[in-house]
Amino acid sequence: MDIYLYNSLTRKKELFQPIKDQEVGLYTCGPTVYNYAHIGNLRTFIFEDILKRILSFNGLTVKHVMNITDVGHLTGDRDMGEDKLEKGARREGKTAWEIAAYYTEAFKQDMVHLNILAPDIWCKATDNIPEQIELIKILEDKGFTYRTKDGIYFDTSKFPGYTKLSHQDLEALQEGARVEKNPEKRNFTDFALWKFSPQGAQRHMEWESPWGTGFPGWHIECSAMSMKFLGDQLDIHCGGADHVDVHHTNEIAQSEAATGKPFFNFWMHGAFLNIAGGKKMAKSDENFLTLETTFINQNINPLTYRFATFQSHYRKPMEYSDEAVDAAQNGLHHLQNQVRTLLENTGGKSGTVNAEFRDKFLQKINDDLNMPQAMAAAQEMLKSTISDEDKVATVFDFDEVLGLDLAKVQDADELPAEIRQKVDARQKARDEKNWALSDQLRDEILAMGYVVQDSRDGMKVFKQ
Ligand code: AMP
Ligand code: ZN
């Protein structure tokens, strides 16, 4: 079945066709590891995971590369301010290397909790410095660079089509941003390829280069590493919506200037997770929510967040609220209960995947990842008259894309002894119509990470 994806480059939904038959090269911009990922960042990584799973679900082989930005991302997007890693190091009294290692691991843990599949290739900016230097040398030889006091810059006026991704009106932009202007830059949009270490100060991360000791600008890493690891398979490049105007625009300019060829065919961007009032959740605000504090430490299954993101289309902003989490928790529990009941009815047996419902589901996911409608298609199947065995097979098939661990819903049947004790006590309280004690025990069980649901068939208990 055809896959249609919204391409930010053309601002249209387009039929997706890989450059090589049946094989897709996918590059997703990874985290800047100076702090925990917040759940906004994680929304983008879930969207990218869904994209990857959908491509595989369609029978394509995906080669997925994700970078780790561990140097060069400055606090101001247009190469102003401080390196976020060095700033993080100062905040915590550690080296930038230690900060990077710690938050990279934390991010990988988040991915595991959210069932985000690991890329085929992880690559760190700091492991690929020679490749970045090589690319800058090519740009220098071709006359795209110039030197200022603080670094080597890319001259964006020499690259026609600089705004082909962002569609920005640069004059209007420049007017509005006067305060940020670096007087040595020839054009407001010029960006650093290589920055010099500040005089008289030793950075934790710095390297020799033909231009002097320093470190690469942020954008060059993604150009160098995507070309190194994907070669000519430059199919899809993703990130959050904030990457359109600067990071991805600059990646395209420097890559196409260096090679003379089009860079990626498809550019896809996930909309923001906002906090109440429409404000973007940002790491620099320091009051952001993490998966650990918001879900795991509250004994809420982190897959609840994955489920929550399916309620909005990835190109629409999503607002975070306690109510949205509650609704997602109810929705996920409902789905888990449906699967649990089916497994009880069939004695754990699975039939065959229903072709008609698979097609319906496929139609929705292949329509630019329409997850809200895909979830509705899943419900339609679960409520249909096909056999329970076939429902089991079909819902497990859909879970290849959903990634909600639906095959594991029965694992919680083996309850830990202390939970079993409380469950039994609650059953006794209910038999004695002691509703107050029953409610109290339900809350205690919940605080221990288990949900109790009363149904016609009796009490059901499962892990959050
Ligand atoms: P960073 O760690 O800042 O490099 O960002 C990692 C990813 O999260 C990038 O793809 C960003 O575009 C994305 N991102 C940043 N803030 C948000 C947000 N509030 N909602 C969704 N995605 C975001
Ligand atoms: Zn990137």
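Positions are given from 1, in the same order as the sequence printed here. Numbering of ligands and ligand atoms starts at 1, following listing order.
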For Cys29, is at least one N or O under 3.5 Å away from an N or O on ligand 1?
no
Geometry only, no angles: is Lys283 polar-contacting ligand 1 at N/O separations under 3.5 Å?
yes
Identified side chain to side chain contact (heavy atoms under 4.5 Å, CB included) partner of Val71 from the options Gln132, Lys84, His204, Arg203:
Arg203
Using a strict 4.0 Å cut-off to heavy atoms of [X], name the atoms of ligand 1 that fall inside it.
X: Thr44; answer: 10 (O), 13 (C), 21 (C), 22 (N), 23 (C)
X: Asp242; answer: 11 (C), 12 (O), 15 (C)
X: Gly239; answer: 10 (O)
X: Ala271; answer: 21 (C)

Between the OG1 atom in Thr309 and the CE atom in Met318, the distance rounded to the nearest 0.5 Å is 6.0 Å
Kindly indicate whether the side chain of Phe264, heavy atoms from C-beta on, has any atom under 4.5 Å from the side chain of Glu251.
no
Of the listed options (Ile39, Thr32, Val33, Thr28), which comes nearest to atom 1 (P) of ligand 1 when hydrogens are ignored and any heavy atom counts?
Thr32
Strictly below 4.0 Å, N to O, side chains only: are Glu131 and Lys228 in salt-bridge contact?
yes
So for [X], does at least one of its heavy atoms come nearer than 4.0 angstrom to any atom of ligand 1?
X: Cys238; answer: no
X: Thr69; answer: no
X: His269; answer: no

Is the Zn ion (ligand 2) less than 2.8 Å from at least one N/O/S atom of Cys29?
yes
Do any of the N/O/S atoms of His248, backbone or side chain, fall under 2.8 Å from the Zn ion (ligand 2)?
no
Among His73, His247, Gln254, exactly one meets side chain to side chain donor-acceptor pair (under 3.5 Å) together with His219. Which residue is that?
His247
For [X] and [Y], does a side-chain donor sit closer than 3.5 Å to a side-chain acceptor?
X: Asp70; Y: Tyr103; answer: no
X: Gln373; Y: Gln363; answer: no
X: Asn187; Y: Asp155; answer: yes

Can you tell me the angle formed at the Zn ion (ligand 2) by NE2 of His247 and SG of Cys222, to 10°?
110°
